[in-house]
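Each chain gets a letter, A, B and so on, in the order its sequence line appears, and its residues count up from 1. The basis for the numbers below is simple: all heavy atoms, side chains too, and nothing from hydrogens, waters or symmetry mates.
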Protein chains: 2
Amino acid sequence: MVTIYDIAKKANVSPMTVSRVINNSSNIKDTTRQKVEAIIKELGYIPNSAARSLISKRTHIISLLITDITNPFFTRVARGAEDKAKQSGYQLLLSNSDENIDKETEYINMLLSTGVDGVLYAPMGDESKKNLRTLVKSNIPFVLIDRDIQGIQSDIVLGDSYEGARRLVEHLRDQGHKNIALINGPSNTSTARERQRGYEETLRLSNLPYKKKLMWEIQYKEDTADDVIEQLLSLPKNQRPTAIFAGNNFIAVNVIKALNKKGIQVPDDMAIVCFDDFEPISGFNPFLTVAAQSAYSYGYMGAQFLIERIEGTGPKENRRIVLPPEIIVRKSSLGYTFKGRK
Amino acid sequence: MVTIYDIAKKANVSPMTVSRVINNSSNIKDTTRQKVEAIIKELGYIPNSAARSLISKRTHIISLLITDITNPFFTRVARGAEDKAKQSGYQLLLSNSDENIDKETEYINMLLSTGVDGVLYAPMGDESKKNLRTLVKSNIPFVLIDRDIQGIQSDIVLGDSYEGARRLVEHLRDQGHKNIALINGPSNTSTARERQRGYEETLRLSNLPYKKKLMWEIQYKEDTADDVIEQLLSLPKNQRPTAIFAGNNFIAVNVIKALNKKGIQVPDDMAIVCFDDFEPISGFNPFLTVAAQSAYSYGYMGAQFLIERIEGTGPKENRRIVLPPEIIVRKSSLGYTFKGRK
DNA sequence: CCTCTATTTGATACCGATAACAAAAGTATA
DNA sequence: TATACTTTTGTTATCGGTATCAAATAGAGG
């Protein structure tokens, strides 16, 4: 490994002078600079980040802690974050908590040890608060994305889950649906709570009764909806839902799979809407009606805020960006066959 | 920040003793160990990786250098790599080259500076060779995934592009197609070359003539297929393709979009097959016939090989894993309406 | 109780860079 | 040419750990 000492010896200067050349410091004679730079190039010298970090307390690495990169929503968050990080000279460390608090905690500890400069953090749920406290105690800047945590002060970028839910449910109502079920994510996430609030509010304002039996909660990822569907289908016919609002894209998929197993077709026998789109193929074979969130922006803006915190630029007060979802109406909510109609 | 010196002072021992406790070194008196461990816990000490790396020359970070995390194929590669890395106590740094050699080179330089322990590398194409040489010169272990580079010795995990192509084209042939077009990725990638070889070979063995006018090349990502489709559709009717083999999933999507713009419907007016599936929603609304590759395994096995190289375990000779693709037949290649048939 | 060996602990140097200060060289002015 | 000031370069200490060797302590055997 080539060090500044090797360069220094060959150039007949002190290591300090080499360091100055590398860092474009002031007051270097032009001839010296050129001589040193030539040798740096010749030997292919690359600064050792460990040594630098030891002094500067900075690694130029930020961590992206999400629940699962496999969810197209987070894939795009990651892409946005990486783009911004690169632009600003940072690198991105990837961690998947899998909506699991223990795994999340493990990662937090790894990150602290690695000495990342900051964390872009999509918490798995309210339990994440203890991990956030750890970050606060360690004085590591972080920015929340997608999910809010009560009682934690920070920059945050998220979507308007309430508004999105309202508009999705209104859309179903406008299609003539009366019994609309909610199959939501876990209520220990702010997104699920807000979506439920939007759902309930819309039903209330529309004078549609909402019934506990139509409201269910499963995991946002890798969960089966079989039991829930079983329950919903066993309701007496006049209470049985004709439409389902799924908490996110994965839930929607699992719901559809469960329905298909029962011989129920979407959208003919059941309408479906959900949060989060399925990029990149959502558009070409349009199927799911969704409240699409600009995931890339979450990542990009989140990374930007984070880097501003790290570098001490940007405002003192915390920023809270709430991005509006875009409702995209597709087949899954349009083809339902009402009895007596059509 | 808490250091071993703080611990040492409070425990009335030397820093060296603290270091020994942290590293479970031999020959520590039990009472001493307990005393020190208690204080470590009390002060919430976390070892500083920069200081450790400076001595050990190891960061426990591996880099995943791919072309685009947004492609579901690489999303799953990333997930596999991250899982294995975590298991082995490593963290994963994410970089997207966007199939661009300059960006790739930039990342390589960042990685060298960061001092990653190894690189899991999906090269953008043959130009990547110079970057691989840089890694070799710097003595940084790497494992290739998905794409092979002539003249580079390394472990590699990839798919059988030739075989996959053969079977996809055979499937189209068996459906009665005679004029089958190839819209491939760039021929400076090993995957594109192998897929083309499989395509040509199958046509030859099937006594189907292959014509240069049916063979095209565009980018694997974010490219438009409009021009190519324009050309293909303007062929005289007896030469015009009734089926298209797309080099990968993104190309397939862009092809379908271009066709739709021209009022051509898939699969009725044109059959489509391609490489790489669109997880996670490929299954529930089955559409594209694909040669699916076990992307998760690429990442998982690649990371495993890489870590074995880093740690000096595993065999001396290079490993070459060629994973067979799985052909999944769906609507996109089944509904074509032949004149006079059906 | 003393000697000899084994175990446990400590002192020092170093990894590669940079901050802070000191010294040397260069320039301007009288 | 001597003096004062500026520019450029060098010396030393330090970041937080660990390798290496030396010192201290404990344990065994006579």
task = Give a yes or no answer on whether the side chain of A:D155 reaches the backbone of A:N318 with a donor-acceptor pair at less than 3.5 Å.
result = no
Side-chain donor/acceptor of A:T134 to backbone N/O of A:K130, under 3.5 Å = yes
ask   = Which pairs with one or both residues in residues 93-103 of chain A pass side chain to side chain donor-acceptor pair (under 3.5 Å), sequence neighbours excluded?
value = A:N96-B:E82, A:D98-A:K103, A:D98-A:K221, A:D98-B:R79, A:E99-A:R147
List in chain and number order the residues that pass side chain to side chain contact (heavy atoms under 4.5 Å, CB included) with [X], two or more places apart in sequence or in another chain; answer none if no residue qualifies.
| X | answer |
| --- | --- |
| A:Q87 | A:K84, A:Y300 |
| B:N12 | none |
| A:L158 | A:D148, A:I156, A:R320, A:V322 |

key: Net bend of the helix from C:dC1-D:dG30 to C:dA30-D:dT1, end axes of five pairs each, nearest 10 degrees   = 40°
inquiry  = For a quick check, with a 4.0 angstrom heavy-atom cut-off, what is the B/S/- contact string for nucleotides 11-19 of chain C, read 5' to 3'?
reply    = B---BBBBB
inquiry  = Near DNA chain C, counting only heavy atoms under 4.0 Å, which residues of residues 27-44 of chain A show up?
reply    = none
Sequence neighbours left out, what passes ring pair (Phe, Tyr, Trp, His ring centres under 6.0 Å) with [X]? Give chain and number order.
| X | value |
| --- | --- |
| A:Y90 | A:H60 |
| A:Y220 | none |
| A:Y298 | A:F73 |

inquiry  = Looking at A:Y5, I'd like to know if the NZ or CZ of A:K10 sits under 6.0 Å from its six-membered ring centre while staying within 45 degrees of the ring's axis.
reply    =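 Because its charged atom misses either the 6.0 Å distance or the 45° angle limit, A:K10 does not stack over A:Y5.
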Sequence-distant partners of A:E37, side-chain hydrogen bond (donor to acceptor under 3.5 Å, both in side chains), two or more places apart =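 side-chain hydrogen bond (donor to acceptor under 3.5 Å, both in side chains) list for A:E37, sorted by chain: empty.
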ask   = So among B:K35, B:K29, B:R33, which one has a side chain to side chain contact (heavy atoms under 4.5 Å, CB included) with B:T31?
value = B:K29
ask   = Along DNA chain D, 5' to 3', what are the outermost nucleotides having an atom less than 4.0 Å from a heavy atom of chain A?
value =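 Going 5' to 3' along DNA chain D, contacts run D:dT8 to D:dG16.
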